[in-house]
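The next block holds one structure in the form of structure tokens; read it before the comments.
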Amino acid sequence: MPDNEISGAAALVTGASRGFGRGIAAALAKAGARVVGVARDRGPLEELRAGLGGSFTAVPADAADPVVAGQLIDAYRPAIVVLNAGATPLPRPIQHHTWQTFSRNWDTDVAHVFHWTREALLAPLDPGSTVVTLSSGAALAGSPLSGGYAGAKAAIRWLTAYAAEESQRAALGIRFVAVLPQLTPATALGAVFAAAYAARHGAGAAPAAAGPALTPEQVGQAIVDLTGPGYDQAAYLLTGAGLRPLPGHPVDTAEPEEHR
Ligand SMILES: NC(=O)c1ccc[n+]([C@@H]2O[C@H](COP(=O)([O-])OP(=O)(O)OC[C@H]3O[C@@H](n4cnc5c(N)ncnc54)[C@H](OP(=O)(O)O)[C@@H]3O)[C@@H](O)[C@H]2O)c1
């Protein structure tokens with residue numbers, strides 16, 4: 001969507017109450033969007049509304065509920081959807097996970113991206129709309145202390161690429177893009193894992209120690225940038241140094257490799 005069109009556009013952000021989601025909601029509101037923020041706990045959402053004023057609508061709800069996805073897509077017809085909500089997995093080595101704790105991010109992060117992506121394609125959202133999903137750098141590097149987290153985030157990247165392909169095939173004009181942020185101690189979730197890896201490997205070896213730490217404000221600005229022109233790749237790595245396209249994404253290939 002061109003820069004000047006973000007002003008007045010309806011944007012919907014899941015997991016908007018804290019961390020990256022709060023930074024994303026604030027950046028979109030500052031750019032002139034009318035932002036609908038979803039999270040389960042009403043208190044922090046209301047605090048954010050008090051800070052952002054009339055440009056923000058708080059919707060306390062479970063983003064992983066398919067009925068919520070259908071209702072909110074129908075009610076707001078957002079031009080920008082940011083699927084950011086995510087659970088914090090238990091920071092433990094694999095043998096200390098149960099199947100239920102291992103699969104937590106599949107039940108929240110992946111399930112919510114699945115439901116909302118499906119609704120966006122079926123609605124369909126208007127041509128020129130953008131759907132951004134929050135994957136993770138862990139999808140590339142792994143995350144041995146967080147059970148099924150890295151696999152769940154890799155599934156989100158693939159799901160987003162599949163949706164981009166379906167949008168292209170049906171000429172819907174809806175852009176789907178996955179963002180893979182680097183681990184940062186600047187949010188509740190990130191602080192848990194920065195501490196867990198520092199305890200395991202020593203502070204200097206923690207993944208978050210590589211380069212400047214990513215902030216929620218930088219994530220917010222990156223998402224605003226992604227809705228503008230010049231960002232036509234299907235997936236981007238996001239570090240303290242900014243967005244970097246992930247080359248050779250499978251959405252650009254005519255057929256899956258195993259069929260060739
Ligand atoms: N921080 C990092 O280092 C990092 C790195 C890579 C990727 N990510 C990804 O970036 C996203 C945001 O992470 P964060 O660090 O900002 O996490 P965070 O600080 O823990 O915030 C998570 C947000 O998601 C909401 N949420 C969780 N489950 C929800 C549900 N079922 N329905 C609605 N809202 C829900 C939370 O509010 P309620 O609890 O009130 O619902 C909160 O607003 C996640 O998808 C995460 O996996 C983070």
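Remember, predicted model here, so these are calculated numbers, not experimental data. Computation of the quantities below employed the complete heavy-atom set of this structure, encompassing side-chain atoms and omitting hydrogens, waters and symmetry-equivalent molecules. Read the numbers this way: they start at 1 and go in the same order the structure lists the ligands and their atoms.
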Should you measure from each heavy atom of Ser135, which atoms of ligand 1 turn up under 4.0 Å away? 7 (C)
Nearest-neighbour protein heavy atom for atom 17 (O) of ligand 1, which is reported as residue plus atom name and distance: Leu189 CB, 3.6 Å
Which heavy atom of the protein is the closest neighbour of atom 14 (P) of ligand 1, given with residue, atom name and distance? Thr187 OG1, 3.7 Å
Polar-atom distance check: Thr108 versus ligand 1, any N or O pair below 3.5 Å? no
Per-residue contact class, Tyr149 against ligand 1 - non-hydrogen pairs under 4.0 Å: side chain
Applying side chain to side chain donor-acceptor pair (under 3.5 Å), run through Thr227 and Thr130 and close with a yes or a no. CA-CA 6 Å; Thr227 63; Thr130 303; over 6 Å; no
May I ask you to check if ligand 1 and Phe20 share an N or O to N or O distance below 3.5 Å? yes
Closest protein heavy atom to atom 12 (C) of ligand 1, given as residue, atom name and distance to 0.1 Å: Asn84 OD1, 3.1 Å
When you compare ligand 1 with Ala63, is there at least one nitrogen or oxygen pair between them that comes in under 3.5 angstrom? yes
Identify which of Gly23, Gly19, Gly86 has a heavy atom lying nearest to atom 22 (C) of ligand 1. Gly86
Is a side-chain donor or acceptor of Thr98 paired with a backbone partner of Thr101 at a separation under 3.5 angstrom? yes
Under 3.5 Å: N/O of Asp62 near N/O of ligand 1: yes
Gly15 to ligand 1: N or O pair under 3.5 Å? yes
Using a 4.0 Å heavy-atom cut-off, which part of His112 comes near ligand 1: side chain, backbone, both, or neither? neither
Looking only at distances, please establish whether an N/O atom of ligand 1 is found under 3.5 Å from an N/O atom of Ser136. no
min-distance protein heavy atom vs atom 21 (O) of ligand 1 -> Arg18 NE, 3.5 Å
